[in-house]
Amino acid sequence: MGEATFGPVRLGVNIDHVATLRQARGEFEPDPLFAAHLARLAGADQIVLHVREDRRHANESDLRRLRETASLPVNLEMALSPEMELMALEQRPERVTLVPERRQERTTEGGLGLDGGFLDRLVPFVSRCRAVGIRVSLFMDPDPEMIVRASGSGVDQIELHTGPYAWAFGGPDEKGALEALVRSAETIHSQGLLVAAGHGLTVHNLSTVLAIPRLSEVNIGHSIIARAVFFGMREAVGEIRGLLLGAGLGRRA
Ligand code: PXP
């Protein structure tokens, strides 16, 4: 069941882009683990890593080393596949976030679809994860009807895809995109699940998202790593942490 969310929203820092830079040369630097340690020092609550089928950035060695040394909870983003399930059950991250995966996409482009037997595969997957202490989250579009369909599967959290809101930010569609997030967050909470949000969030658009009721966690990658290139990891994480702390003052569930 969902917990009450008092105080600041939790911050997950996605370090995939550091691995992308490493893979560009096939060398050992920069090491995403180094980014994880700096993110922790700057106040991150969890490290997010997406191990893709094509291993274009993070890989199982990154995940294993994170589990061994990072001393922060790990949120493993992955597709629902037998190969990834094996990896998750072996490495036991605190959380798995299921995402759709398409080889041609640059990044995760939409929330999960529930057709094609997905829900039938999801339910036993979630119970195998729960048996070893892994909590499961679903990355979903802000669509209350889909959210209700997925919420009986045993997951404890739904992460709302904030990409459409981020693309609309500052334009005529921003208000509608935000309203869809608010409605969906209420639906998630009414189903007894935790509300998370992620994709396209930045220091500029985050404050509005923090008004989403019941929000307990945001996961941010691209904008943090992009700013870290110029200002350093600790400052890039710290400025987001500052926004979350400020918004958390006086927050009530
Ligand atoms: N949450 C999920 C489920 C994602 O797939 C991603 C992208 O990997 C993020 C959050 C972070 O998105 P961004 O890199 O745009 O901050």
Side-chain angles (χ1 to χ4, degrees), residues 9-21 23 32 35-36 39 44-59 62-63 73-80 84 88 93-113 135-143 146-147 150 155-169 177 181 184-185 188 193-206 208-210 212 215-229 233 236-237 239-241 243-244:
V9 170
R10 286 162 42 79
L11 172 60
V13 175
N14 180 314
I15 55 173
D16 290 343
H17 280 4
V18 180
T20 301
L21 192 54
Q23 297 309 107
D45 297 299
Q46 71 176 352
I47 299 300
V48 187
L49 200 69
H50 185 173
V51 178
R52 285 177 171 269
E53 186 196 8
D54 63 7
R55 307 295 193 270
R56 74 171 77 149
H57 36 65
N59 55 40
D62 295 324
L63 176 62
V74 171
N75 176 3
L76 172 64
E77 290 181 12
M78 55 175 254
L80 181 55
M84 286 309 304
E94 279 73 12
R95 176 173 293 292
V96 155
T97 298
L98 292 177
V99 297
E101 218 172 271
R102 281 178 288 272
R103 266 189 180 244
Q104 285 76 20
E105 68 189 359
R106 284 178 194 225
T107 179
T108 315
E109 284 170 357
L112 287 161
R135 291 168 301 138
V136 181
S137 181
L138 302 178
F139 185 54
M140 297 192 70
D141 292 325
D143 177 335
M146 294 261 286
I147 287 165
V155 301
D156 78 317
Q157 175 173 287
I158 289 179
E159 178 172 335
L160 288 170
H161 184 6
T162 46
Y165 156 78
W167 299 317
F169 183 69
L181 290 170
S184 301
I188 295 168
L193 306 181
L194 295 171
V195 181
H199 208 98
L201 297 177
T202 71
V203 279
H204 305 295
N205 64 23
L206 182 62
T208 330
V209 164
L210 294 178
I212 293 174
L215 186 64
S216 66
E217 176 181 305
V218 289
N219 291 302
I220 306 180
H222 181 84
S223 72
I224 286 181
I225 303 301
R227 288 174 77 83
V229 170
M233 195 66 191
V237 174
E239 58 189 0
I240 297 282
R241 179 81 266 171
L243 288 175
L244 298 181

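Atoms within a ligand are numbered from 1 in the order they appear, just like the ligands themselves. Because only heavy atoms are used, hydrogens play no part in the values below, and waters and symmetry mates are left out as well, while side chains stay in. Just so you know, these numbers come straight off a predicted model, no measurement behind them.
- No hydrogens or angles considered: nothing links the side chains of Asn59 and Gln23 as a donor-acceptor pair under 3.5 Å.
- Scanning His161, Glu159, His199 for the heavy atom closest to atom 1 (N) of ligand 1 points to Glu159.
- Per-residue contacts place Gly221 under 4.0 angstrom from the following atoms of ligand 1 (heavy atoms of the residue considered): 11 (C), 13 (P), 14 (O), 16 (O).
- Close approach of ligand 1 to Asn14 is summarised as follows: ligand atoms under 4.0 Å from at least one heavy atom of the residue are 8 (O).
- Listed by atom number, the atoms of ligand 1 under 4.0 Å from Val99 heavy atoms are 3 (C).
- Side chains of His17 and His57: no donor on one and acceptor on the other come within 3.5 Å.
- Ranking protein heavy atoms by distance to atom 14 (O) of ligand 1, first place goes to His222 N, 2.8 Å.
- Residue His50 does not touch ligand 1, judged by heavy-atom distances below 4.0 Å.
- Remark: minimum distance from atom 15 (O) of ligand 1 to any protein heavy atom is reached at Gly200 N, 2.8 Å.
- What you find for Leu201 and Leu206 is that their closest heavy atoms are CD1-CD1, 4.2 Å.
- A salt bridge between Arg52 and Asp54 is absent, with no side-chain N of the basic residue lying under 4.0 Å from a carboxylate O of the acidic one.
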*Decide yes or no on salt bridge (charged side-chain N to carboxylate O under 4.0 Å, His left out) for Asp156 and Arg95, but give the supporting numbers first.*
CA-CA 10 Å; Asp156 78 317; Arg95 176 173 293 292; 3.0 Å; yes
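- Neither side chain, Glu159 nor His199, offers a donor N or O lying under 3.5 Å from an acceptor on the other.
- Summary of contacts: the protein heavy atom closest to atom 6 (C) of ligand 1 is Glu77 OE2, 3.6 Å.
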